[in-house]
Amino acid sequence: MPSTNSSFLLLISLQILLSLTSLNRAAIRILIGTCHASGFLTGKAGFCTTQNYASCCQTGELYPQYRCSPAVTNTTNAKLDVGGFSQGSDGGAAAECDGNFHSDNDLVVALPTGWYNGGSRCLKKIRINGNGKSVLAKVVDECDSVNGCTADQNYEPPCPPDVINASPGVWNALGIPTSKMEVPITWSDA
């Protein structure tokens, strides 16, 4: 039977190891810019406008939720997704930053929850690079990565943490057909 001192040392060593493991996982996530699901949302179907290839929630299906996004750099990797910002489109409610709807020709985007950062990028421009071109687009909305499957979100699942939801005008400026759906791009604050 081990002595009291060796049991105590073993317990302390185990606690230190567990602390370092948690710390290292968090540090690794920060260093490599990853983001992991923070929970899951149980889907609820409703009237979903499928304009711009929107995917609609299915009742009972589990959808990942993200409170984070990958770290922002001078060339942050993302996927460009097409979204509508006009009234009655797949964007759902009016834009969160200004309370307005926007034309498909406007160069506007919605950022996922982590990049939206509580609205700190509202009405600011970001630079999007794709298809050998670059465009400045204004952040007007959040693509909610935590909530979804409600009328305000067009009964769509929560937004992935690395997707920029862009108006058809942004896609046109980059010379990319909206039928391509998700396209790899890079972006940065302008």
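Fair warning: this is a prediction, and the values are worked out from it, not measured in the lab.
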[X] side chain near [Y] side chain, heavy-atom distance below 4.5 Å:
X      : Y      : answer
Cys143 : Val163 : no
Cys48  : Glu156 : yes
Asp162 : Pro112 : no
Ser55  : Pro157 : yes
Leu62  : Thr42  : yes

| Do Val72 and Tyr66 share a hydrophobic cluster, counting only Ile, Leu, Val, Met, Phe, Trp and Tyr and linking them when any side-chain heavy atoms are less than 4.5 Å apart? |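 No; tracing contacts between hydrophobic side chains, which count when under 4.5 Å, never links both residues.
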
Are any side-chain N or O atoms of [X] and backbone N or O atoms of [Y], one a donor and one an acceptor, separated by less than 3.5 Å?
X      : Y      : result
Asp81  : Glu182 : no
Asp106 : Val108 : no
Arg121 : Trp115 : yes
Tyr63  : Gln58  : yes
Asn131 : Leu174 : yes
Ser145 : Pro161 : no

| task | Please determine which of Glu142, Gln65, Arg67 meets the side chain to side chain donor-acceptor pair (under 3.5 Å) test together with Thr113. | result |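 So, applying the side chain to side chain donor-acceptor pair (under 3.5 Å) to Thr113 and each of Glu142, Gln65, Arg67, only Glu142 qualifies.
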
| said: Check Lys124 with Asp189, please: is the shortest side-chain N to carboxylate O separation under 4.0 Å? | reply: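 Answer for the salt bridge query: no.
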
| Test side chain to side chain contact (heavy atoms under 4.5 Å, CB included) applied to Trp187 and Leu80, step by step | CA-CA 10 Å; Trp187 76 277; Leu80 194 66; over 6 Å; no

At what distance, to the nearest 0.5 angstrom, does [atom1] of [X] lie from [atom2] of [Y]?
X      : Y      : atom1 : atom2 : value
Leu107 : Leu136 : CG    : CG    : 8.5 Å
Thr186 : Asn74  : OG1   : CG    : 10.0 Å
Tyr155 : Cys57  : OH    : SG    : 9.5 Å
Cys149 : Lys44  : SG    : NZ    : 9.5 Å

Which pair of heavy atoms, one from [X] and one from [Y], lies closest together, and at what distance?
X      : Y      : result
Ile164 : Leu111 : CG1-CD2, 3.9 Å
Ala94  : Asp141 : O-OD2, 4.3 Å
Val146 : Asp144 : N-OD1, 2.8 Å
Thr76  : Ala71  : CG2-O, 3.6 Å
Asp98  : Asn100 : OD1-N, 3.0 Å
Ala137 : Val170 : CB-CG2, 3.9 Å

| task | Verify whether one side chain among Asp104 and Ser167 offers a donor that lies under 3.5 Å from an acceptor in the other. | result |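 Side-chain D/A pair, Asp104 to Ser167: absent.
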
| query | Under the side chain to side chain contact (heavy atoms under 4.5 Å, CB included) criterion, do Leu123 and Lys138 qualify, and how do the steps go? | reply | CA-CA 6 Å; Leu123 306 179; Lys138 186 181 350 177; 4.0 Å; yes

| task | Would you please name every residue forming a side-chain hydrogen bond (donor to acceptor under 3.5 Å, both in side chains) with Thr59, sequence neighbours left out? | result |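 Checked Thr59 against side-chain hydrogen bond (donor to acceptor under 3.5 Å, both in side chains); zero matches.
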
| said: I'd like to know if Cys97 pairs up with Cys122 as a disulfide, counting it only when the SG to SG distance is below 2.5 Å. | reply: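 Yes, Cys97 links to Cys122 through a disulfide.
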
